[in-house]
Trainee: 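A single structure is presented below for examination.
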Amino acid sequence: GEKYLNEKFFHERPYSSFKTLLLRPSGNDWNYSLIRDATAHLSVRHLNFDTQAYSPAIVFINGEFWGIKNIRERYDKHYLERVYGVDPENIDLLSGLKSVEEGTSDYYQEMFNFITKNDLSDSVHYARVSTCMDIDNYINYYSAQIYFANDDWPQNNIIFWRLRTSYSPNAQLGHDGRFRWMLFDADRAFGRPGKDTTDLLKHVTDTSASRSQLILSLLNNSEFKREFINRQADLLNSAFLPHRLIPIIDSISKNIEPVIGEHTRRWYQPASVSAWKTAIENMRTYTLRRPHFTRLHFMKYFSLPDTCKITLLSDPQQGIIKINSLLIDEKLPGIGDTIYPWKGIYFKGNPIILEAMAKPGYRFDHWLVNGIANEEKRLKIDPDDNLTITAVFKYDGSVQKIIHYFHFNTIKNKIDN
């Protein structure tokens, strides 16, 4: 028949033609919620790593009800061609530690040897690493998995790729020759009861495990370490806020709830509708409890003394503030109806970076940090207590306003009586 499935299976994706698709039964979550993996992917699809689109389906085989399955994108060369426009025959697609799915593992092995055999506290060595792997992608990917407490990772379920080309810093996304990691099989995310306390940071930094060599070597670099710690804080202050995640859980679960009764009668897994509802409630509870334990794990591992509250103030009509990786505007995941004041929790002893970004017609003038003025546009602060930081902008008169205009077209003037 046809070589491609020509249908728009996923409303959140612009694609309507697929070479391959997956029909997943939810893996390790098949007898619990059926939606943990989907929830994980949907909650972080705005971040700088790949996620798989999701669409639930009711499956029948020869007319017999076969239950709920999840239609998902499949990570392969066809996916990379579709999403990134790369040559599918000119990629390295690896899984696990370095198992080859497409291409070869030669470049990865070369990169791995360099990272693990050189002192990455040296900025020259670290700069070279940044030409081999997308470090921002890697930090986001690890930060998400650690929050998810996905303990079936990273000893399993790793997949990453690169276009086989020389590093090009100005190339479009995916065309720069660097390795990028992809979220895959997070069926143990949003843990079952008790998993909200799982110290996955300890798990991924186990010095006795070969899977940990890459992250441990990178953490020897002070800039990577600072960004790694701040990225977790950034995400806990935005994408992983309970008031953002719970509606995602509710939306996905309500979509399949009408069929859960028939599904449980067919397979007895989950054991009952009540058991399924309990699994969904456990996911909601996880979002409420997980941030506290994640912060505790980071403080313990990195010997950070405590957390502090950062309050940011600005007039969004004049300018906005960027704190670390977060641009504080109306598009920020988890933002409320009022953009400022914005509040976040960060770690004492780990410097944060603030940038003031003026709107057209305004210029940055100064900061007020707990009432003390500072004129640096890019501000680095090592917080040791709660801070209130205001970005002050001034009107610079550069925007010209239209006071009258003429049109020269065929529209007839109309005078109302």
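Here the structure is a predicted model, which is why all the values come from computation and not from measurement.
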Trainee: Side chain of Asn386, backbone of Lys309: donor and acceptor closer than 3.5 Å?
Mentor: yes
Trainee: Ignoring hydrogens and angles, state whether a donor on the side chain of Asp234 or Tyr346 is under 3.5 Å from an acceptor on the partner side chain.
Mentor: yes
Trainee: Please confirm whether the backbone N or O of Leu22 pairs with a side-chain atom of Arg74, one donor and one acceptor, at under 3.5 Å?
Mentor: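 No, because the side chain of Arg74 does not come within donor-acceptor range (under 3.5 Å) of the backbone of Leu22.
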Trainee: Under a 4.5 Å cut-off applied to non-hydrogen side-chain atoms, are Ile256 and Pro56 in contact?
Mentor: yes
Trainee: Just wondering, more than 12 heavy atoms not from Glu375 lying within 6.0 Å of its CD?
Mentor: no
Trainee: Does a side chain donor of either Glu2 or Asn6 reach within less than 3.5 Å of an acceptor in the other side chain?
Mentor: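 Result is no, nothing qualifies.
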Trainee: Please determine if Lys394 and Asp396 form a salt bridge, counting it only when a charged side-chain N lies under 4.0 Å from a carboxylate O.
Mentor: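 Not counted as a salt bridge, because no side-chain N and carboxylate O are separated by less than 4.0 Å.
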Trainee: Show the numbers, then the answer: is there a side chain to side chain donor-acceptor pair (under 3.5 Å) between His203 and Gln155?
Mentor: CA-CA 10 Å; His203 176 66; Gln155 67 275 20; 3.0 Å; yes
Trainee: When rounded to the nearest 0.5 angstrom, what is the spacing between CG in Leu201 and CG in Asp206?
Mentor: 11.5 Å
Trainee: Just to verify, which of Lys348, Met299, Arg295 counts as forming a side-chain contact (heavy atoms from CB on, under 4.5 Å) with Leu304?
Mentor: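 Among Lys348, Met299, Arg295, the one meeting side-chain contact (heavy atoms from CB on, under 4.5 Å) with Leu304 is Met299.
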Trainee: Go through the side-chain N and O atoms of Asp152 and Asn157 and say whether any donor and acceptor fall under 3.5 Å apart.
Mentor: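 Yes, Asn157 and Asp152 have a side-chain donor paired with an acceptor closer than 3.5 Å.
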Trainee: Check for a donor-acceptor pair, side chain of Thr264 on one end and backbone N or O of Ser272 on the other, with a separation under 3.5 Å.
Mentor: no
Trainee: Just checking Phe148 against Phe240, ring centres under 6.0 Å apart?
Mentor: yes
Trainee: Passes side chain to side chain contact (heavy atoms under 4.5 Å, CB included), Ile146 versus Phe298? Steps please.
Mentor: CA-CA 10 Å; Ile146 288 169; Phe298 269 72; 4.0 Å; yes
Trainee: Tell me whether Lys77 is salt-bridged to Glu101, with the criterion being a basic N under 4.0 Å from an acidic carboxylate O.
Mentor: no
Trainee: Side chain of His175, backbone of Tyr84: donor and acceptor closer than 3.5 Å?
Mentor: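 Between the backbone of Tyr84 and the side chain of His175 there is a qualifying donor-acceptor contact (under 3.5 Å).
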Trainee: Could you check whether Asn48 and Asp136, counting side-chain N and O atoms only, form a donor-acceptor pair closer than 3.5 Å?
Mentor: yes
Trainee: May I ask you to say whether Arg284 pairs ionically with Glu281, meaning some side-chain N is under 4.0 Å from a carboxylate O?
Mentor: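 Looking at Arg284 and Glu281, the cut-off is met.
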Trainee: Apply the salt bridge (Lys or Arg N to Asp or Glu O under 4.0 Å) test between Arg164 and each candidate in Asp87, Asp176, Asp92; give the one that qualifies.
Mentor: Asp92
Trainee: Is it true that Phe18 and Phe10 have ring centroids separated by less than 6.0 Å?
Mentor: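 Distance test on ring centres: under 6.0 Å, yes.
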Trainee: If I take atom CD1 from residue Ile252 and atom CD1 from residue Ile248, how far apart are they, to the nearest 0.5 angstrom?
Mentor: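 That separation rounds to 7.0 Å.
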Trainee: Ring centroid separation for Tyr79 and Trp161, is it under 6.0 angstrom?
Mentor: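 No; Trp161 has its ring centre 6.0 Å or more from that of Tyr79.
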Trainee: Do Thr207 and Leu216 have side chains that get closer than 4.5 Å, going by heavy atoms?
Mentor: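 Yes - at least one pair of side-chain heavy atoms lies under 4.5 Å apart.
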Trainee: With heavy-atom distances below 4.5 Å as the criterion, would you say the side chains of Asp37 and Arg72 are in contact?
Mentor: yes
Trainee: Is a side-chain N or O of Trp276 found less than 3.5 angstrom from the main chain of Ser33, in a donor-acceptor match?
Mentor: yes
Trainee: Will you find, in the side chains of His41 and Arg36, an N or O donor that is under 3.5 Å from an N or O acceptor?
Mentor: no
Trainee: Taking the side chain from Arg162 and the backbone from Ile91, do they hold a donor-acceptor pair closer than 3.5 Å?
Mentor: no
Trainee: What I want to check is whether the side chains of Tyr126 and Asp119 have a donor and an acceptor closer together than 3.5 Å.
Mentor: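 Per modelled atom types, Tyr126 and Asp119 side chains form no pair under 3.5 Å.
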Trainee: Taking the six-membered ring for Trp, are Trp181 and Tyr138 ring centroids under 6.0 Å apart?
Mentor: yes
Trainee: Quick check against the 3.5 Å criterion: does Trp267 have a side-chain atom that pairs as donor or acceptor with the backbone of Trp66?
Mentor: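 Yes: the side chain of Trp267 pairs with the backbone of Trp66.
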Trainee: If you measure from NZ on Lys380 to CG on Leu354, what distance do you get to the nearest 0.5 Å?
Mentor: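 Answer for the NZ-CG pair, Lys380 versus Leu354, is 12.0 Å.
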Trainee: Taking C-beta and beyond as the side chain, do Ile71 and Tyr54 meet within less than 4.5 Å on heavy atoms?
Mentor: no
Trainee: Taking the side chain as every heavy atom from C-beta outward, state whether Ile280 and Ser253 have any pair of such atoms under 4.5 Å apart.
Mentor: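 In contact.
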Trainee: Quick check: are there more than 12 heavy atoms from other residues, nucleotides or ligands sitting under 6.0 Å from CZ of Arg128?
Mentor: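 Counting neighbours around CZ of Arg128, 12 or fewer heavy atoms of other residues, nucleotides or ligands fall under 6.0 Å, so no.
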Trainee: Can you check whether Leu236 reaches Tyr147 side chain to side chain, under 4.5 Å on heavy atoms?
Mentor: yes
Trainee: Without swapping roles, check the side chain of Tyr340 against the backbone of Ile321 for a donor-acceptor pair under 3.5 Å.
Mentor: yes
Trainee: Of the options Phe49, Phe160, Tyr167, which is the one that meets Phe179 in a ring-ring contact (aromatic ring centres under 6.0 Å, His included)?
Mentor: Phe160
Trainee: Is a salt bridge present between Glu355 and Lys377, judged by a nitrogen-to-oxygen distance below 4.0 Å?
Mentor: no
Trainee: Can you confirm whether the side chains of Ser26 and Asn70 place a donor and an acceptor under 3.5 Å from each other?
Mentor: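 Side chains of Ser26 and Asn70: pair found under 3.5 Å.
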Trainee: For Arg231 and Asn140, which I'm curious about, is there any donor-acceptor pair between the side chains at under 3.5 Å?
Mentor: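 Result is yes, a qualifying pair exists.
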Trainee: With no hydrogens and no angle check, do the side chains of His366 and Glu376 hold a donor and an acceptor under 3.5 Å apart?
Mentor: no
Trainee: Do Asp315 side-chain atoms and Gln317 backbone N/O form a donor-acceptor pair below 3.5 Å?
Mentor: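 Such a contact is found between Asp315 side chain and Gln317 backbone.
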Trainee: Give, for atom OH of Tyr108 and atom CG of Leu94, the distance between the pair rounded to the nearest 0.5 Å.
Mentor: 8.0 Å
Trainee: If you round to the nearest 0.5 Å, how far is OG of Ser143 from CD of Glu227?
Mentor: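 It is 10.5 Å, given to the nearest 0.5 Å.
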Trainee: Say whether Gln109 and Lys98, considering side chains only, have a donor N or O and an acceptor N or O under 3.5 Å apart.
Mentor: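 There is such a pair (donor and acceptor under 3.5 Å, judged by atom type) between the side chains of Gln109 and Lys98.
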Trainee: Determine whether a donor-acceptor pair (N or O, by modelled atom type, separation under 3.5 Å) exists between the side chain of Asn237 and the backbone of Ile345.
Mentor: yes
Trainee: Strictly by modelled atom types, are Ser121 and Asn221 linked by a side-chain donor-acceptor pair under 3.5 Å?
Mentor: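 Side chains of Ser121 and Asn221: no pair found under 3.5 Å.
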Trainee: Decide, yes or no, whether a salt bridge links Glu223 with Arg226 under the criterion of side-chain N to carboxylate O below 4.0 Å.
Mentor: yes
Trainee: Give a yes or no on whether Lys202 atom NZ has more than 12 heavy-atom contacts from other residues, nucleotides or ligands under 6.0 Å away.
Mentor: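 Count not over threshold, so no.
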Trainee: Are any of the side-chain heavy atoms of Cys132 and Arg178 separated by less than 4.5 Å?
Mentor: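 Result no, sub-4.5 Å side-chain heavy-atom pair not found.
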Trainee: Which heavy atom in Leu327 sits nearest to a heavy atom in Met357, and how many Å separate them?
Mentor: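 So the minimum-distance heavy-atom pair works out to CD1-SD, 3.3 Å.
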Trainee: More than 12 heavy atoms of other residues, nucleotides or ligands under 6.0 Å from NZ of Lys300: yes or no?
Mentor: no
Trainee: Is the shortest heavy-atom distance from the side chain of Phe65 to the side chain of Val259 under 4.5 Å?
Mentor: yes
Trainee: Measuring from Asn370:CG to Asp385:CG, what's the distance to the nearest 0.5 Å?
Mentor: 7.5 Å
Trainee: Please report the C-alpha distance between Ile135 and Phe224 in whole Å, then the side-chain angles of each, then the deciding distance to 0.1 Å, and finally whether the side chain to side chain contact (heavy atoms under 4.5 Å, CB included) criterion is met.
Mentor: CA-CA 8 Å; Ile135 291 176; Phe224 179 91; 3.8 Å; yes
Trainee: Under 6.0 Å from the ring centre and within 45 degrees of the ring axis: does the NZ or CZ of Arg82 meet both conditions for the six-membered ring of Tyr15?
Mentor: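 Yes, a cation-pi geometry.
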Trainee: Between Thr116 and Gln213, do the side chains contain an N or O donor and an N or O acceptor separated by less than 3.5 Å?
Mentor: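 Not at all, the side chains of Thr116 and Gln213 share no donor-acceptor pair under 3.5 Å.
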Trainee: Could you tell me whether Arg188 sits above the aromatic face of Trp153, with NZ or CZ closer than 6.0 angstrom to the six-membered ring centre and within 45 degrees of the axis?
Mentor: no
Trainee: Can you label the angle between the Phe364 ring and the Phe393 ring as parallel, tilted or perpendicular, going by 30° and 60°?
Mentor: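 Phe364 and Phe393: perpendicular rings.
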